[in-house]
Amino acid sequence: MTLKILAVASECAPFAKTGGLADVVGALAKVLGDHDSECRVLLPLYRSVVHLAEDADTVLDLGPRFGGPVRILSKRAEGIDLLLIDAPHLYDRPAQIYLDDTGRDWVDNHLRFGLLCWAGAVIGRDGVDGWRPDVVHAHDWQAGLVPVFLSQFDEETPPCVLTIHNIAFQGIFQPSTMGALGLNPAGFTQDGFEYFGNISFLKGGLVQADEITTVSPTYARELMTSEFGMGLEGVLRSRRDDLSGILNGIDTEIWDPGSDPALAQTYTSRTLKRKAANKSALLERFGLSGDGSEPLFSVISRLSEQKGLDIALQALPDAIERGARFVLLGSGSAELEKGFAELAQRYPDRVGVEIGFDEDLAHLIQAGADATLVPSRFEPCGLTQLCAMRYGTLPVVSKTGGLADTVIDANEAALAAGCATGFQFAPVTAEKLSDALSRAMDLYADRSAWQKQMRNAMKHPVGWDSSVAKVVSLYRGLAGS
Ligand code: ADP
């Protein structure tokens, strides 16, 4: 039996993306098609994707809801079946998905994502154009109320999986929003969606979902501790039998150094020498000196406290003094943006910094750098290190969450066994990162050892092959029960 899945998410690559959530939703929707499943992704019709409405079919008219008219459009684009929520009063806006043009959360984000949840629940219950999902898969807090709305219906509804991509974001709003959201006040309790006197989209979802997944086995364990659970560890411990960690993969068609159009030169593990042309292009792009023999470290990241880049700022000068080059692409915290701009001023011919979001440049950096830094304080899964490995760029990562699950540290034993794929360090301190950078530079000096490790990294499975089977088996278990 073909399994029908409705994915509900605020982001889906390549249409609307601020981070890894988009990559995962888009990639999973595509690969499910190869596993006897049909996945449709419910996504708001943001202004940035309004072109998708052209030639789309209207499959459901939900009438005036959450302050304006709401229609559901159906469209297949880039290999993904989309259901788009056309609600101009909430989504037809400039700027970023979550933030207004002053950089603050839109004041009506509870309505914008409340509608996403409610529409997801209605489609779960009634289906659209004769298609009714067997399972609803809600992603992160923006879809957290899907299982809550499903539980409010009298009719029979499909089971719901909720995936936590990052528990730092919980969707917490004033209790006065309950009426506008259409939530049943009976759920405003400690065992429901109430959280210290407010409404929490994520907590509501965690309580009501039939299954909870997160994006790596280590993060699943970490989430049940006070160090990582961000206040929801108790709720998660109470649901430990329904909580599992399934590693994310990346879209290995989009991230393929053998065919990537954003590269100066494509390459494979058999034509590794050709990778060097990307390093030259990158050094040139950032105006850095060197003949390519010096190690080039990189960062592609949101600049936030989570990502540990403040310690990178402390650790990098040593490596740069030793001759390393460094490039960064990212945006976020003003303090970190300033810190990296100052680093570039201090070492103008060794450090290049680009503040912004640039998909093509991210691909070129992955291809051109020798190593990429992900010194996160916590990291549910992390995709940057997976992309890096696919491109033969060795990750230097903190030993947490999905980073711990996906990178094999180049310690003596792993080097002797010939299976290392990168460098890990713990705890997350500038000192330990410095040690890891030194180890990387020492190994880099041994060309054949470094190249062996590059090949290992490129062979490491980073796609969805093994995880999608686990996801499908979870869906089938739920659909059959
Ligand atoms: P998170 O979702 O916490 O931001 P992930 O590692 O899971 O971190 O996913 C980040 C994704 O976003 C990766 O695909 C990465 O390449 C991409 N990314 C992050 N910052 C930028 C940027 N400034 N420009 C382009 N891509 C970026």
Side-chain angles (χ1 to χ4, degrees), residues 9-28 96-99 139-142 163-169 214-216 218-219 228 230 245-257 260 262-263 282 285-286 298-309 312 327-333 336-337 340 352-369 372-391 393 395-398 400-407 422 462-464 467:
S10 58
E11 300 186 28
C12 176
F15 313 109
K17 167 167 168 174
T18 70
L21 167 67
D23 293 318
V24 172
V25 172
L28 191 56
Q96 207 243 40
I97 295 177
Y98 308 112
L99 311 175
H139 293 271
D140 261 353
W141 78 262
Q142 295 87 349
T163 294
I164 305 165
H165 294 261
N166 190 337
I167 206 153
F169 305 104
T214 188
V215 291
S216 69
T218 295
Y219 195 56
F228 293 95
M230 305 220 172
I246 302 177
L247 262 187
N248 278 339
I250 55 169
D251 185 327
T252 48
E253 281 174 22
I254 293 179
W255 292 99
D256 179 0
D260 191 332
L263 306 197
L282 199 55
R285 168 84 155 70
F286 282 96
S298 65
V299 164
I300 304 165
S301 184
R302 288 186 291 118
L303 303 184
S304 75
E305 156 87 10
Q306 173 195 341
K307 301 291 181 180
L309 295 167
V327 295
L328 172 136
L329 168 64
S331 64
S333 128
L336 286 168
E337 287 184 3
F340 282 103
V353 168
E354 177 130 340
I355 300 300
F357 193 95
D358 184 336
E359 200 76 52
D360 282 347
L361 181 57
H363 283 242
L364 181 63
I365 292 177
Q366 289 289 20
T372 195
L373 274 54
V374 192
S376 305
R377 294 198 160 80
F378 66 94
E379 193 58 74
C381 178
L383 298 179
T384 324
Q385 84 281 11
L386 300 181
C387 299
M389 285 195 274
R390 177 122 170 105
Y391 281 58
T393 299
V396 180
V397 304
S398 51
T400 185
L403 301 173
D405 291 339
T406 54
V407 175
V462 291
W464 274 98
S467 292

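Each ligand, and each atom within it, is numbered from 1 in the order the structure gives.
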Compile the protein residues with any heavy atom at a distance under 4.0 Å from an atom of ligand 1; present them by chain, then by number. K17, G19, G20, D23, I300, S301, R302, K307, L329, G330, G356, F357, D358, A362, G382, L383, T384

Answer yes if the side chains of D260 and Y391 hold a donor-acceptor pair under 3.5 Å, and no otherwise. yes

Hydrogens and angles aside, do E337 and S331 bring a side-chain donor and acceptor to less than 3.5 Å of each other? no

Counting neighbours of CD on E253 that are heavy atoms of other residues, nucleotides or ligands and sit closer than 6.0 Å, is the number greater than 12? no

Check whether R390 reaches the backbone of T252 with its side chain - one donor and one acceptor, N or O, closer than 3.5 Å. yes

Would you call T18 and Y98 a side-chain contact if the rule is heavy atoms closer than 4.5 Å? yes

Using ring pair (Phe, Tyr, Trp, His ring centres under 6.0 Å) as the criterion, list what pairs up with H139, not counting sequence neighbours. H137, H165

